[in-house]
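As the structure is a prediction and not an experimental result, all values here were calculated from the model. Just so you know, ligand 1 is whichever comes first in the structure, and atom 1 is the first atom listed for that ligand. We're numbering straight along the sequence, starting at 1. Side chains included, hydrogens not; waters and symmetry mates left out as well; all remaining heavy atoms used.
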Amino acid sequence: MTELAEFYREFGIRDEVYRFGESVLGELRERFGEIDRIAEYNQMKVIQAMQKSQVNENCLHYYASGYGYNDPGRDTLEEAYAAVFHTQSALVRPQITCGTHALSLALSAVLRPGDELLSPVGKPYDTLEEVIGIRPSKGSLAEYGITYSQAELLSDGSFDYEAIKKAIHDKTKLVTIQRSKGYLTRPSFSVKQIGRLIAFVKEIKPDVICMVDNCYGEFVETVEPGDVGADLVVGSLIKNPGGGLAPIGGYIAGKKDLIDACGYRLTSPGLGKEVGASLGVMQSFYQGLFLAPAVVAGALKGAVFAANIYEKLGYPVIPKGMESRHDIIQAVELGTPEGLIAFCRGIQAAAPVDSYVVPEPWAMPGYDSDVIMAAGAFVQGASIELSADGPMKPPYAVYFQGGLTWHHAKLGILMSLEYMMRDGLVRLT
Ligand SMILES: *Cc1c(COP(=O)(O)O)cnc(C)c1O
(Lines give C-alpha, C1' and ligand atoms only; values in the text may rest on other atoms or scores of the structure.)
Protein backbone atom coordinates (compact mmCIF):
# COMPACT_ATOMS: atom_id res chain seq x y z
CA MET A 1 0.00 0.00 0.00
CA THR A 2 1.19 3.50 -0.78
CA GLU A 3 1.33 6.34 1.69
CA LEU A 4 -1.69 7.86 -0.01
CA ALA A 5 -3.78 4.83 0.88
CA GLU A 6 -2.57 5.23 4.45
CA PHE A 7 -3.92 8.78 4.43
CA TYR A 8 -7.37 7.56 3.40
CA ARG A 9 -7.15 4.96 6.18
CA GLU A 10 -6.50 7.75 8.67
CA PHE A 11 -9.74 9.35 7.48
CA GLY A 12 -11.44 6.09 8.45
CA ILE A 13 -11.85 4.75 4.93
CA ARG A 14 -11.24 1.01 4.88
CA ASP A 15 -8.94 -0.47 2.21
CA GLU A 16 -11.85 -2.26 0.55
CA VAL A 17 -13.62 1.05 -0.12
CA TYR A 18 -10.44 2.74 -1.30
CA ARG A 19 -9.63 -0.10 -3.70
CA PHE A 20 -13.19 -0.14 -5.03
CA GLY A 21 -12.89 3.59 -5.70
CA GLU A 22 -9.59 3.09 -7.52
CA SER A 23 -11.04 0.34 -9.70
CA VAL A 24 -13.98 2.56 -10.69
CA LEU A 25 -11.58 5.43 -11.39
CA GLY A 26 -9.54 3.19 -13.65
CA GLU A 27 -12.50 3.05 -16.03
CA LEU A 28 -13.04 6.81 -16.04
CA ARG A 29 -9.72 8.03 -17.50
CA GLU A 30 -11.13 8.84 -20.92
CA ARG A 31 -14.12 10.56 -19.40
CA PHE A 32 -11.93 12.67 -17.16
CA GLY A 33 -9.75 13.52 -20.15
CA GLU A 34 -12.81 14.89 -21.94
CA ILE A 35 -13.74 16.99 -18.86
CA ASP A 36 -10.16 18.35 -18.76
CA ARG A 37 -10.32 19.31 -22.44
CA ILE A 38 -13.52 21.30 -21.86
CA ALA A 39 -11.90 22.98 -18.84
CA GLU A 40 -8.85 23.87 -20.94
CA TYR A 41 -11.04 25.43 -23.63
CA ASN A 42 -13.02 27.41 -21.07
CA GLN A 43 -9.85 28.52 -19.30
CA MET A 44 -8.60 29.99 -22.61
CA LYS A 45 -11.98 31.64 -23.10
CA VAL A 46 -11.84 33.31 -19.68
CA ILE A 47 -8.22 34.47 -20.00
CA GLN A 48 -8.90 35.84 -23.47
CA ALA A 49 -11.96 37.72 -22.18
CA MET A 50 -9.95 39.21 -19.31
CA GLN A 51 -7.15 40.29 -21.65
CA LYS A 52 -9.57 41.80 -24.17
CA SER A 53 -11.25 43.77 -21.38
CA GLN A 54 -7.80 44.94 -20.17
CA VAL A 55 -8.23 43.84 -16.58
CA ASN A 56 -5.49 45.56 -14.58
CA GLU A 57 -4.38 45.75 -10.98
CA ASN A 58 -6.48 48.83 -10.36
CA CYS A 59 -9.61 46.79 -11.20
CA LEU A 60 -8.83 44.34 -8.39
CA HIS A 61 -8.08 46.80 -5.65
CA TYR A 62 -10.17 49.85 -6.46
CA TYR A 63 -12.21 50.18 -3.29
CA ALA A 64 -15.44 51.90 -4.29
CA SER A 65 -17.86 52.95 -1.59
CA GLY A 66 -20.79 55.37 -1.58
CA TYR A 67 -22.48 55.78 -4.96
CA GLY A 68 -19.74 53.99 -6.82
CA TYR A 69 -19.61 56.26 -9.86
CA ASN A 70 -16.93 55.27 -12.38
CA ASP A 71 -15.92 52.12 -10.56
CA PRO A 72 -13.37 50.60 -12.98
CA GLY A 73 -13.30 47.25 -11.19
CA ARG A 74 -17.04 46.77 -11.61
CA ASP A 75 -17.29 48.09 -15.17
CA THR A 76 -14.34 46.06 -16.47
CA LEU A 77 -15.64 42.90 -14.81
CA GLU A 78 -18.96 43.38 -16.58
CA GLU A 79 -17.09 43.74 -19.86
CA ALA A 80 -15.19 40.52 -19.13
CA TYR A 81 -18.42 38.64 -18.35
CA ALA A 82 -19.97 39.87 -21.60
CA ALA A 83 -16.85 38.66 -23.43
CA VAL A 84 -16.97 35.23 -21.74
CA PHE A 85 -20.67 34.73 -22.48
CA HIS A 86 -20.44 36.29 -25.96
CA THR A 87 -23.13 38.87 -25.22
CA GLN A 88 -23.27 42.62 -25.82
CA SER A 89 -23.37 43.55 -22.16
CA ALA A 90 -23.58 42.21 -18.61
CA LEU A 91 -24.59 43.18 -15.10
CA VAL A 92 -22.44 41.50 -12.40
CA ARG A 93 -22.97 42.84 -8.92
CA PRO A 94 -22.63 42.05 -5.23
CA GLN A 95 -25.98 43.86 -4.92
CA ILE A 96 -27.55 40.89 -6.73
CA THR A 97 -27.75 38.59 -3.72
CA CYS A 98 -28.24 35.16 -5.33
CA GLY A 99 -29.48 33.31 -8.40
CA THR A 100 -33.16 33.73 -7.54
CA HIS A 101 -32.62 37.46 -7.15
CA ALA A 102 -30.87 37.68 -10.54
CA LEU A 103 -33.71 35.80 -12.24
CA SER A 104 -36.36 37.84 -10.46
CA LEU A 105 -34.54 41.04 -11.42
CA ALA A 106 -34.33 40.10 -15.10
CA LEU A 107 -38.01 39.14 -15.24
CA SER A 108 -39.25 42.26 -13.52
CA ALA A 109 -36.95 44.47 -15.62
CA VAL A 110 -38.42 43.23 -18.88
CA LEU A 111 -42.06 42.36 -18.15
CA ARG A 112 -44.88 44.90 -17.86
CA PRO A 113 -48.52 44.55 -16.75
CA GLY A 114 -50.48 42.62 -19.36
CA ASP A 115 -47.43 40.69 -20.60
CA GLU A 116 -47.22 36.94 -20.39
CA LEU A 117 -44.25 34.84 -19.33
CA LEU A 118 -43.92 31.34 -20.78
CA SER A 119 -41.87 28.39 -19.53
CA PRO A 120 -41.70 25.88 -22.40
CA VAL A 121 -39.76 23.38 -20.25
CA GLY A 122 -42.28 22.56 -17.52
CA LYS A 123 -42.16 23.78 -13.93
CA PRO A 124 -39.32 26.18 -13.11
CA TYR A 125 -36.98 25.99 -10.10
CA ASP A 126 -38.81 26.00 -6.77
CA THR A 127 -37.89 29.52 -5.69
CA LEU A 128 -39.19 30.94 -8.97
CA GLU A 129 -42.69 29.74 -8.18
CA GLU A 130 -43.01 32.58 -5.71
CA VAL A 131 -41.27 35.08 -7.99
CA ILE A 132 -43.77 34.34 -10.74
CA GLY A 133 -46.73 33.85 -8.40
CA ILE A 134 -47.42 30.21 -9.26
CA ARG A 135 -47.57 29.95 -5.48
CA PRO A 136 -49.20 33.18 -4.27
CA SER A 137 -46.56 35.44 -2.80
CA LYS A 138 -46.07 39.09 -1.81
CA GLY A 139 -44.52 41.09 -4.62
CA SER A 140 -44.85 38.34 -7.24
CA LEU A 141 -45.14 39.12 -10.95
CA ALA A 142 -48.77 37.97 -10.72
CA GLU A 143 -49.50 40.84 -8.32
CA TYR A 144 -48.33 43.21 -11.06
CA GLY A 145 -50.70 41.72 -13.62
CA ILE A 146 -48.14 39.59 -15.42
CA THR A 147 -49.59 36.24 -16.42
CA TYR A 148 -47.77 32.95 -16.70
CA SER A 149 -48.16 29.87 -18.80
CA GLN A 150 -46.23 26.65 -18.99
CA ALA A 151 -45.78 23.93 -21.60
CA GLU A 152 -45.00 20.54 -20.07
CA LEU A 153 -42.15 18.41 -21.36
CA LEU A 154 -42.99 15.15 -23.11
CA SER A 155 -42.67 11.98 -21.02
CA ASP A 156 -39.14 11.36 -22.36
CA GLY A 157 -38.06 14.82 -21.19
CA SER A 158 -37.99 16.38 -24.67
CA PHE A 159 -39.71 19.61 -25.77
CA ASP A 160 -43.39 19.44 -26.71
CA TYR A 161 -43.13 21.72 -29.76
CA GLU A 162 -46.85 21.39 -30.50
CA ALA A 163 -47.82 22.58 -27.01
CA ILE A 164 -45.19 25.35 -27.07
CA LYS A 165 -46.52 26.68 -30.37
CA LYS A 166 -50.05 26.74 -28.92
CA ALA A 167 -48.86 28.58 -25.81
CA ILE A 168 -47.26 31.47 -27.73
CA HIS A 169 -49.61 34.36 -28.52
CA ASP A 170 -49.50 38.14 -28.87
CA LYS A 171 -49.12 38.75 -25.11
CA THR A 172 -46.14 36.40 -24.81
CA LYS A 173 -43.22 38.69 -24.06
CA LEU A 174 -40.58 36.47 -22.50
CA VAL A 175 -39.74 32.78 -22.63
CA THR A 176 -37.73 31.37 -19.73
CA ILE A 177 -35.67 28.24 -20.27
CA GLN A 178 -34.03 26.48 -17.34
CA ARG A 179 -30.86 24.66 -18.42
CA SER A 180 -30.34 22.50 -15.34
CA LYS A 181 -32.96 20.10 -14.05
CA GLY A 182 -32.33 21.56 -10.60
CA TYR A 183 -34.00 19.14 -8.21
CA LEU A 184 -36.41 17.59 -10.67
CA THR A 185 -35.99 14.24 -12.39
CA ARG A 186 -36.21 15.59 -15.95
CA PRO A 187 -32.99 15.66 -17.98
CA SER A 188 -30.86 18.81 -18.05
CA PHE A 189 -30.63 20.39 -21.48
CA SER A 190 -27.54 20.78 -23.60
CA VAL A 191 -26.83 24.26 -24.93
CA LYS A 192 -27.43 22.87 -28.42
CA GLN A 193 -30.93 21.69 -27.44
CA ILE A 194 -31.62 25.10 -25.94
CA GLY A 195 -30.51 26.70 -29.21
CA ARG A 196 -33.00 24.63 -31.17
CA LEU A 197 -35.79 25.63 -28.80
CA ILE A 198 -34.88 29.33 -29.05
CA ALA A 199 -34.84 29.13 -32.86
CA PHE A 200 -38.27 27.47 -32.81
CA VAL A 201 -39.75 30.11 -30.50
CA LYS A 202 -38.27 33.00 -32.53
CA GLU A 203 -39.62 31.57 -35.74
CA ILE A 204 -43.13 31.74 -34.30
CA LYS A 205 -42.63 35.14 -32.68
CA PRO A 206 -39.37 36.92 -33.57
CA ASP A 207 -39.65 39.65 -30.92
CA VAL A 208 -40.05 37.25 -27.97
CA ILE A 209 -37.20 37.65 -25.46
CA CYS A 210 -35.53 34.34 -24.64
CA MET A 211 -33.98 34.09 -21.18
CA VAL A 212 -31.93 31.12 -19.97
CA ASP A 213 -31.60 30.22 -16.29
CA ASN A 214 -27.96 29.13 -16.52
CA CYS A 215 -27.55 28.13 -12.84
CA TYR A 216 -25.26 25.09 -12.41
CA GLY A 217 -24.55 25.04 -16.15
CA GLU A 218 -21.69 27.50 -16.63
CA PHE A 219 -18.48 26.03 -18.05
CA VAL A 220 -19.87 22.50 -18.21
CA GLU A 221 -19.77 22.74 -22.01
CA THR A 222 -17.64 24.82 -24.37
CA VAL A 223 -20.66 26.86 -25.47
CA GLU A 224 -23.04 28.96 -23.39
CA PRO A 225 -26.65 30.01 -24.11
CA GLY A 226 -25.53 33.38 -25.51
CA ASP A 227 -23.85 31.43 -28.34
CA VAL A 228 -27.17 29.97 -29.44
CA GLY A 229 -29.41 33.01 -29.46
CA ALA A 230 -30.39 33.62 -25.83
CA ASP A 231 -31.17 37.30 -25.21
CA LEU A 232 -30.56 37.02 -21.46
CA VAL A 233 -28.35 34.55 -19.58
CA VAL A 234 -28.74 34.52 -15.81
CA GLY A 235 -26.91 32.85 -12.95
CA SER A 236 -25.52 32.91 -9.42
CA LEU A 237 -21.95 33.69 -8.37
CA ILE A 238 -22.40 31.40 -5.37
CA LYS A 239 -22.42 28.62 -7.95
CA ASN A 240 -20.18 27.88 -10.96
CA PRO A 241 -18.93 31.29 -12.20
CA GLY A 242 -17.97 32.48 -8.71
CA GLY A 243 -15.37 29.70 -8.66
CA GLY A 244 -15.92 29.25 -4.93
CA LEU A 245 -14.32 32.62 -4.18
CA ALA A 246 -17.16 35.09 -4.79
CA PRO A 247 -18.75 35.69 -1.37
CA ILE A 248 -22.07 36.86 -2.89
CA GLY A 249 -23.45 37.92 -6.24
CA GLY A 250 -25.37 37.21 -9.41
CA TYR A 251 -24.96 38.00 -13.08
CA ILE A 252 -27.12 38.76 -16.07
CA ALA A 253 -25.48 38.76 -19.52
CA GLY A 254 -27.30 39.67 -22.71
CA LYS A 255 -28.45 42.29 -25.20
CA LYS A 256 -27.44 45.81 -24.29
CA ASP A 257 -30.94 47.33 -24.07
CA LEU A 258 -32.13 44.47 -21.85
CA ILE A 259 -29.11 44.68 -19.56
CA ASP A 260 -29.65 48.44 -19.27
CA ALA A 261 -33.26 47.70 -18.28
CA CYS A 262 -31.98 45.30 -15.60
CA GLY A 263 -29.67 48.05 -14.33
CA TYR A 264 -32.58 50.48 -14.04
CA ARG A 265 -34.58 47.90 -12.18
CA LEU A 266 -31.69 46.99 -9.84
CA THR A 267 -30.91 50.54 -8.79
CA SER A 268 -33.36 53.13 -10.06
CA PRO A 269 -34.80 54.52 -13.27
CA GLY A 270 -32.36 57.18 -14.40
CA LEU A 271 -29.42 55.73 -12.46
CA GLY A 272 -29.13 52.19 -13.81
CA LYS A 273 -25.67 50.64 -14.05
CA GLU A 274 -23.93 53.93 -13.19
CA VAL A 275 -24.22 53.39 -9.44
CA GLY A 276 -23.61 50.45 -7.12
CA ALA A 277 -20.27 50.42 -5.33
CA SER A 278 -18.30 47.19 -5.57
CA LEU A 279 -17.29 47.34 -1.88
CA GLY A 280 -13.97 45.53 -2.17
CA VAL A 281 -15.25 42.19 -3.47
CA MET A 282 -13.81 42.63 -6.95
CA GLN A 283 -10.66 40.56 -6.48
CA SER A 284 -12.75 37.55 -5.47
CA PHE A 285 -15.10 38.07 -8.45
CA TYR A 286 -12.23 38.21 -10.95
CA GLN A 287 -10.24 35.43 -9.37
CA GLY A 288 -13.35 33.27 -8.98
CA LEU A 289 -14.19 33.70 -12.66
CA PHE A 290 -10.60 32.85 -13.56
CA LEU A 291 -10.72 29.63 -11.49
CA ALA A 292 -14.28 28.66 -12.43
CA PRO A 293 -13.47 26.40 -15.42
CA ALA A 294 -11.12 24.30 -13.25
CA VAL A 295 -13.51 24.28 -10.29
CA VAL A 296 -16.41 23.16 -12.49
CA ALA A 297 -14.21 20.40 -13.94
CA GLY A 298 -13.48 19.15 -10.40
CA ALA A 299 -17.17 19.16 -9.54
CA LEU A 300 -17.99 17.32 -12.77
CA LYS A 301 -15.41 14.63 -12.06
CA GLY A 302 -16.96 14.20 -8.61
CA ALA A 303 -20.43 13.85 -10.13
CA VAL A 304 -19.24 11.29 -12.69
CA PHE A 305 -17.30 9.35 -10.02
CA ALA A 306 -20.32 9.27 -7.69
CA ALA A 307 -22.63 8.15 -10.50
CA ASN A 308 -20.33 5.29 -11.44
CA ILE A 309 -19.65 4.18 -7.86
CA TYR A 310 -23.32 4.02 -6.89
CA GLU A 311 -24.50 2.67 -10.23
CA LYS A 312 -22.08 -0.26 -9.80
CA LEU A 313 -23.62 -0.91 -6.38
CA GLY A 314 -27.08 -1.16 -7.94
CA TYR A 315 -28.58 2.23 -7.08
CA PRO A 316 -30.54 4.22 -9.68
CA VAL A 317 -28.48 7.32 -10.54
CA ILE A 318 -29.48 10.41 -12.55
CA PRO A 319 -27.70 11.11 -14.85
CA LYS A 320 -26.35 7.61 -15.51
CA GLY A 321 -22.65 6.90 -15.14
CA MET A 322 -21.81 7.16 -18.83
CA GLU A 323 -24.37 9.83 -19.80
CA SER A 324 -23.20 13.23 -21.05
CA ARG A 325 -23.37 16.10 -18.56
CA HIS A 326 -25.10 19.45 -18.84
CA ASP A 327 -24.84 20.55 -15.21
CA ILE A 328 -22.93 19.57 -12.05
CA ILE A 329 -25.78 17.89 -10.11
CA GLN A 330 -25.83 14.15 -9.45
CA ALA A 331 -28.83 12.38 -7.97
CA VAL A 332 -28.58 8.95 -6.34
CA GLU A 333 -31.73 7.14 -5.21
CA LEU A 334 -30.64 5.52 -1.97
CA GLY A 335 -34.00 3.88 -1.30
CA THR A 336 -34.01 4.12 2.50
CA PRO A 337 -33.94 6.92 5.09
CA GLU A 338 -30.89 5.25 6.68
CA GLY A 339 -29.04 5.33 3.35
CA LEU A 340 -29.76 9.01 2.79
CA ILE A 341 -28.64 9.90 6.32
CA ALA A 342 -25.41 7.85 6.11
CA PHE A 343 -24.52 9.33 2.72
CA CYS A 344 -24.94 12.90 3.96
CA ARG A 345 -22.98 12.21 7.15
CA GLY A 346 -20.12 10.85 5.06
CA ILE A 347 -20.03 13.99 2.91
CA GLN A 348 -20.07 16.17 6.01
CA ALA A 349 -17.23 14.20 7.59
CA ALA A 350 -15.04 15.00 4.56
CA ALA A 351 -15.55 18.79 4.80
CA PRO A 352 -12.72 21.24 5.54
CA VAL A 353 -15.14 23.31 7.67
CA ASP A 354 -17.63 21.90 10.21
CA SER A 355 -16.48 18.31 9.63
CA TYR A 356 -17.37 17.33 13.21
CA VAL A 357 -21.03 18.34 12.79
CA VAL A 358 -23.51 15.49 12.38
CA PRO A 359 -26.31 16.33 9.92
CA GLU A 360 -29.85 15.49 11.08
CA PRO A 361 -33.10 15.51 9.07
CA TRP A 362 -34.98 18.73 9.76
CA ALA A 363 -38.15 20.58 8.75
CA MET A 364 -37.36 23.36 6.23
CA PRO A 365 -39.57 26.15 4.95
CA GLY A 366 -40.96 25.35 1.52
CA TYR A 367 -40.57 21.57 1.81
CA ASP A 368 -43.36 19.09 2.52
CA SER A 369 -41.06 16.61 4.29
CA ASP A 370 -37.99 16.79 6.50
CA VAL A 371 -34.76 17.51 4.66
CA ILE A 372 -31.19 16.46 5.45
CA MET A 373 -28.28 18.60 4.28
CA ALA A 374 -24.53 18.16 4.37
CA ALA A 375 -22.32 21.15 3.76
CA GLY A 376 -19.10 22.35 5.24
CA ALA A 377 -18.60 25.39 3.08
CA PHE A 378 -16.37 28.47 3.11
CA VAL A 379 -19.28 30.50 1.69
CA GLN A 380 -22.63 29.86 3.37
CA GLY A 381 -24.86 27.61 1.30
CA ALA A 382 -22.48 27.58 -1.67
CA SER A 383 -23.42 24.57 -3.76
CA ILE A 384 -20.30 24.82 -5.94
CA GLU A 385 -18.64 23.54 -2.78
CA LEU A 386 -19.05 19.86 -1.91
CA SER A 387 -22.59 19.43 -0.63
CA ALA A 388 -25.41 16.92 -0.54
CA ASP A 389 -29.03 17.11 0.44
CA GLY A 390 -32.28 15.27 0.04
CA PRO A 391 -35.88 15.18 1.21
CA MET A 392 -36.72 12.44 3.72
CA LYS A 393 -39.27 10.72 1.51
CA PRO A 394 -39.21 7.95 -1.11
CA PRO A 395 -37.16 7.33 -3.18
CA TYR A 396 -34.75 8.88 -0.63
CA ALA A 397 -32.75 10.52 -3.38
CA VAL A 398 -29.65 12.45 -2.47
CA TYR A 399 -28.67 15.42 -4.64
CA PHE A 400 -24.96 15.69 -4.65
CA GLN A 401 -22.98 18.55 -6.16
CA GLY A 402 -19.85 20.63 -6.12
CA GLY A 403 -16.36 20.20 -4.83
CA LEU A 404 -13.89 23.04 -5.26
CA THR A 405 -11.28 20.44 -6.08
CA TRP A 406 -11.72 16.97 -7.55
CA HIS A 407 -9.70 15.36 -4.76
CA HIS A 408 -12.02 16.76 -2.13
CA ALA A 409 -15.04 15.47 -4.05
CA LYS A 410 -13.33 12.06 -4.24
CA LEU A 411 -12.75 12.00 -0.49
CA GLY A 412 -16.39 12.97 0.12
CA ILE A 413 -17.74 10.21 -2.08
CA LEU A 414 -15.47 7.57 -0.53
CA MET A 415 -16.55 8.78 2.93
CA SER A 416 -20.24 8.51 1.94
CA LEU A 417 -19.64 4.90 0.92
CA GLU A 418 -17.63 4.19 4.08
CA TYR A 419 -20.52 5.50 6.22
CA MET A 420 -23.02 3.38 4.31
CA MET A 421 -20.78 0.33 4.89
CA ARG A 422 -20.49 1.08 8.61
CA ASP A 423 -24.25 1.12 8.92
CA GLY A 424 -24.44 -2.20 7.10
CA LEU A 425 -26.39 -0.68 4.22
CA VAL A 426 -24.19 -1.79 1.35
CA ARG A 427 -21.69 -4.53 0.58
CA LEU A 428 -18.96 -4.42 -2.03
CA THR A 429 -19.10 -8.01 -3.25
C1 LIG B 1 -29.76 27.44 -7.60
C2 LIG B 1 -30.70 27.68 -8.70
C3 LIG B 1 -31.51 28.81 -8.72
C4 LIG B 1 -31.55 29.81 -7.61
O5 LIG B 1 -30.30 30.24 -7.20
P6 LIG B 1 -30.07 30.68 -5.66
O7 LIG B 1 -28.69 31.25 -5.70
O8 LIG B 1 -30.19 29.46 -4.83
O9 LIG B 1 -31.11 31.68 -5.34
C10 LIG B 1 -32.32 28.96 -9.81
N11 LIG B 1 -32.37 28.07 -10.81
C12 LIG B 1 -31.61 26.97 -10.81
C13 LIG B 1 -31.70 25.99 -11.95
C14 LIG B 1 -30.75 26.73 -9.76
O15 LIG B 1 -29.99 25.63 -9.76
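- Judged by a 6.0 Å distance limit and a 45° cone about the ring axis, Lys239 is positioned over the six-membered ring of Tyr125.
- Taking any N or O of His101, backbone or side chain, none lies under 3.5 Å from an N or O belonging to ligand 1.
- Taking 4.5 Å as the limit, every side-chain heavy atom of Ile309 sits out of range of all side-chain heavy atoms of Ser416.
- Annotation for Arg31: atom CZ counts as buried by contact number, over 12 foreign heavy atoms lying within 6.0 Å.
- Nearest protein heavy-atom neighbour of atom 11 (N) of ligand 1: Asp213 OD2, 2.6 Å.
- At a heavy-atom cutoff of 4.0 Å, ligand 1 is contacted by the side chain of Gln178 but not by its backbone.
- A salt bridge does not link Glu79 with Lys52: none of the charged nitrogens is closer than 4.0 Å to a carboxylate oxygen.
- Polar contact with ligand 1: absent for Ser180 (N/O pair, distance under 3.5 Å).
- Put simply, part of Lys239 is less than 4.0 Å from ligand 1, judged by heavy atoms.
- Atoms of ligand 1 lying under 4.0 Å from at least one heavy atom of Thr100, given by number and element, are 4 (C), 5 (O), 6 (P), 9 (O).
- Between Cys98 and ligand 1, a contact under 3.5 Å exists for no N or O pair.
- With Phe400 as reference, Leu386 is the one residue of Val317, Ile329, Ile328, Leu386 to meet the side-chain contact (heavy atoms from CB on, under 4.5 Å) rule.
- Nearest non-hydrogen protein atom to atom 6 (P) of ligand 1 is Gly99 N, 3.5 Å.
- For an aromatic pair to be called close, the ring centres must be under 6.0 Å apart, and Phe189 with Phe159 satisfies this.
- Proximity to Ser236 (heavy-atom distance under 4.0 Å) selects the following atoms of ligand 1: 7 (O).
- Between Glu129 and Lys123 there is a salt bridge, since a side-chain N of the basic residue sits under 4.0 Å from a carboxylate O of the acidic one.
- In this structure, Ile238 does not count as a contact residue of ligand 1, since none of its heavy atoms falls inside 4.0 Å of the ligand.
- For the pair Leu103 and ligand 1, a heavy-atom separation below 4.0 Å is found.
- The 12-atom threshold is exceeded at CG of Asp156, counting heavy atoms of other residues, nucleotides or ligands nearer than 6.0 Å.
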